[in-house]
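Side chains included, hydrogens not; waters and symmetry mates left out as well; all remaining heavy atoms used.
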Protein chains: 2
Amino acid sequence: MSQQIVPDSLKRIERRRLDQGALPGLLGYRLRLAQQAVFRDFAASVHGLSPGRVGLLIYIDANPGVTQSRLAEAVERDRSTMVGALDQLQSRGLIERRRGDDRRTNGLWLTRAGRGLLARALRAIARHERRIAARLSAAQKRQLLALLDRIAG
Amino acid sequence: MSQQIVPDSLKRIERRRLDQGALPGLLGYRLRLAQQAVFRDFAASVHGLSPGRVGLLIYIDANPGVTQSRLAEAVERDRSTMVGALDQLQSRGLIERRRGDDRRTNGLWLTRAGRGLLARALRAIARHERRIAARLSAAQKRQLLALLDRIAG
DNA sequence: TAAGATTGTTTGATGTCCCAACAGATTGTG
DNA sequence: CACAATCTGTTGGGACATCAAACAATCTTA
């Protein structure tokens with residue numbers, strides 16, 4: 001009954017974009033939107049490796065021989081989380097675990113394949129970064145990074 | 001053997017903060033750090049509801065009677081993902097599903113309890129927002145939001 | 001040397017998400 | 001009007017990423 005009375009103009013209103021309520025005013029929400037956009041572009045640029053995994057490769061490359069615990073601490077994850085992540089990278093032949101002098105520890109190293117993949121990924125990331133930064137002037141990018149640092153504390 | 005030769009000065013170097021390699025230069029990385037900081041503060045402020053779940057409540061509050069599909073579309077999630085999320089909220093007595101005129105659909109509504117919880121959550125979020133924004137001047141916050149929008153596209 | 005701490009690991013749990021398939025309901029087309 | 005196409009919510013299966021607790025091997029300290 002009510003359906004027959006509703007004019008088309010109202011039906012169109014019903015189909016309008018939803019009201020976002022208080023969401024757009026929240027810094028965290030806007031931050032998330034920006035991050036999602038960047039993540040999408042990253043995923044489209046770098047195939048088969050998430051930002052987090054690339055981050056691990058970068059850390060290991062910059063700190064050859066680092067132990068699992070120290071790496072976990074650096075990226076603020078649990079030791080047990082690191083095991084699975086490193087298993088992935090190792091099973092793909094990208095990293096190597098070598099027992100350390102302290103025989104409780106594993107030192108982590110990039111394999112030749114790992115270095116190759118990282119180099120390729122870094123080139124893709126450089127393109128990705130340029131694509132993102134193209135929406136900003138150099139001064140704006142500096143500004144944004146500075147403001148983000150204030151937020152991150 | 002080698003262990004006995006390593007001087008303390010070197011050992012201290014080994015314990016230093018890890019080299020972050022190319023990471024700090026990347027916009028996406030800095031964005032993630034800022035978002036993580038905001039997320040931590042959110043979690044400490046709003047207990048028992050993730051930002052995403054609060055987002056759903058805000059949407060439903062602003063669009064009473066919205067269908068599950070439209071809501072899923074608005075937050076860019078699969079329809080089937082929405083089922084579980086709404087089951088959660090419904091089992092906690094925060095929302096209600098009412099069969100729509102189109103009997104395929106469920107219209108979504110906040111219950112009295114849902115409105116109460118949302119009101120409390122919004123007050124907590126307002127405090128959270130002030131705490132975050134306190135690190136910025138009003139002009140800086142405007143600037144940050146504008147820059148984030150450029151990134152988000 | 002015995003007690004305590006650290007390291008990597010396993011196991012179990014939580015949370016969030018997607019896809020494929022499906023039945024019921026509605027819409028569009030011939 | 002009948003029937004194919006489409007839409008809606010749901011289920012079941014799986015993929016990730018994460019943490020906490022417990023454990024054996026190893027190292028450090030008292």
Side-chain angles (χ1 to χ4, degrees), chain A residues 2-4 6 8 11 14-15 32 35-36 39-40 42-43 47-56 60 65-92 95-109, chain B residues 1-4 6 8 11 14-15 32 35-36 39-40 42-43 46-56 60 65-92 95-109:
Chain A
S2 68
Q3 221 169 355
Q4 315 228 357
V6 175
D8 279 14
K11 280 208 158 180
E14 263 196 302
R15 281 289 168 208
R32 188 159 66 95
Q35 218 225 347
Q36 279 178 349
F39 188 96
R40 271 194 301 274
F42 184 101
H47 307 287
L49 234 36
S50 70
R53 294 298 181 263
V54 175
L56 293 183
I60 295 173
V66 65
T67 66
Q68 301 189 185
S69 283
R70 294 245 296 140
L71 182 56
E73 190 185 353
V75 300
E76 298 180 275
R77 294 289 175 274
D78 194 87
R79 275 197 329 276
S80 62
T81 301
M82 202 49 57
V83 174
L86 295 174
D87 283 352
Q88 274 181 23
L89 297 177
Q90 189 174 29
S91 74
R92 294 181 55 176
I95 67 164
E96 196 184 349
R97 284 164 157 122
R98 286 189 214 150
R99 156 162 286 172
D101 290 342
D102 177 341
R103 287 178 9 266
R104 290 171 302 183
T105 67
N106 287 337
L108 301 171
W109 316 75
Chain B
M1 185 201 231
S2 68
Q3 220 169 359
Q4 316 229 356
V6 175
D8 278 14
K11 281 209 157 182
E14 262 197 303
R15 282 289 169 209
R32 188 160 66 95
Q35 219 224 348
Q36 278 178 349
F39 188 96
R40 271 194 300 273
F42 184 100
V46 185
H47 307 288
L49 276 183
S50 69
R53 294 299 180 261
V54 174
L56 293 183
I60 296 173
V66 65
T67 67
Q68 300 188 186
S69 283
R70 294 246 296 140
L71 182 55
E73 191 185 353
V75 299
E76 299 180 274
R77 294 289 175 274
D78 193 87
R79 279 199 323 278
S80 62
T81 300
M82 203 48 58
V83 174
L86 295 174
D87 283 352
Q88 276 180 21
L89 296 176
Q90 189 174 30
S91 74
R92 296 181 53 175
I95 66 164
E96 195 184 349
R97 284 163 158 122
R98 287 190 214 150
R99 157 163 285 171
D101 289 343
D102 177 339
R103 285 175 14 261
R104 291 172 301 186
T105 66
N106 287 337
L108 301 173
W109 316 75

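Rounding to whole angstrom units, CD of residue B/Gln90 and P of D/dG9 are separated by 13 Å. For the pair A/Leu86 CG and D/dA17 P, the interatomic distance rounds to 12 Å; values are reported in whole Å. Residue B/Arg77 contributes atom CZ, which lies 17 Å from atom P of D/dG9 at whole-angstrom precision. Distance, A/Leu108 CG to C/dT7 C1': 12 Å, rounded to whole Å. Rounded to an integer number of Å, the gap from CD of B/Glu73 to P of D/dG9 is 11 Å. C/dT16 atom P lies 14 Å from atom CD of A/Gln36, rounded to whole Å. Whole-Å rounding puts the A/Met82 CE to C/dG8 P distance at 10 Å.
Remark on DNA chain C: of its neighbouring residues B/Ala85 and A/Arg79, the 5'-side contact belongs to A/Arg79, judged by nearest-heavy-atom nucleotide.
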Worked verdict on A/Arg92 versus A/Leu49 for side chain to side chain contact (heavy atoms under 4.5 Å, CB included): CA-CA 11 Å; A/Arg92 294 181 55 176; A/Leu49 234 36; 3.5 Å; yes
Derivation and outcome, side chain to side chain contact (heavy atoms under 4.5 Å, CB included), residues B/Val66 and B/Trp109: CA-CA 8 Å; B/Val66 65; B/Trp109 316 75; over 6 Å; no
Evaluation steps, side chain to side chain contact (heavy atoms under 4.5 Å, CB included), between B/Gln68 and B/Thr105: CA-CA 7 Å; B/Gln68 300 188 186; B/Thr105 66; over 6 Å; no
Residues B/Thr67, B/Asp102; criterion side chain to side chain contact (heavy atoms under 4.5 Å, CB included); working and verdict: CA-CA 10 Å; B/Thr67 67; B/Asp102 177 339; over 6 Å; no
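When side chains are defined from C-beta on, B/Met82 counts as touching B/Val75, because their heavy atoms get closer than 4.5 Å.
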I'd like a table of atom pairs between the protein and nucleotides 23-26 of chain C - only N or O on both sides, under 3.5 Å - with the distance next to each one.
| residue | atom | partner | partner atom | Å |
| --- | --- | --- | --- | --- |
| C/dT26 | OP1 | B/Arg103 | N | 3.2 |

Give me, pair by pair, the N or O atoms of the protein and of nucleotides 10-15 of chain C that are less than 3.5 Å apart, along with how far apart they are.
none

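In this structure, B/Asp87 pairs ionically with B/Arg97, as a charged nitrogen and a carboxylate oxygen lie closer than 4.0 Å.
A side chain to side chain contact (heavy atoms under 4.5 Å, CB included) with A/Leu108 is found for one member of A/Ile60, A/Leu56, A/Leu89 and no other, namely A/Ile60.
Between the side chains of A/Arg53 and A/Gln88, a donor-acceptor pair is found at a separation under 3.5 Å.
Checking the phosphate oxygens (OP1, OP2) of D/dC7, no side-chain nitrogen or oxygen of B/Ser69 falls inside 4.0 Å.
When all heavy atoms are compared, the tightest approach of A/Arg79 to A/Ser69 is CD-OG, 3.0 Å.
Contact annotation for B/Thr81: base contact, defined as any heavy-atom pair under 4.0 Å involving a base atom.
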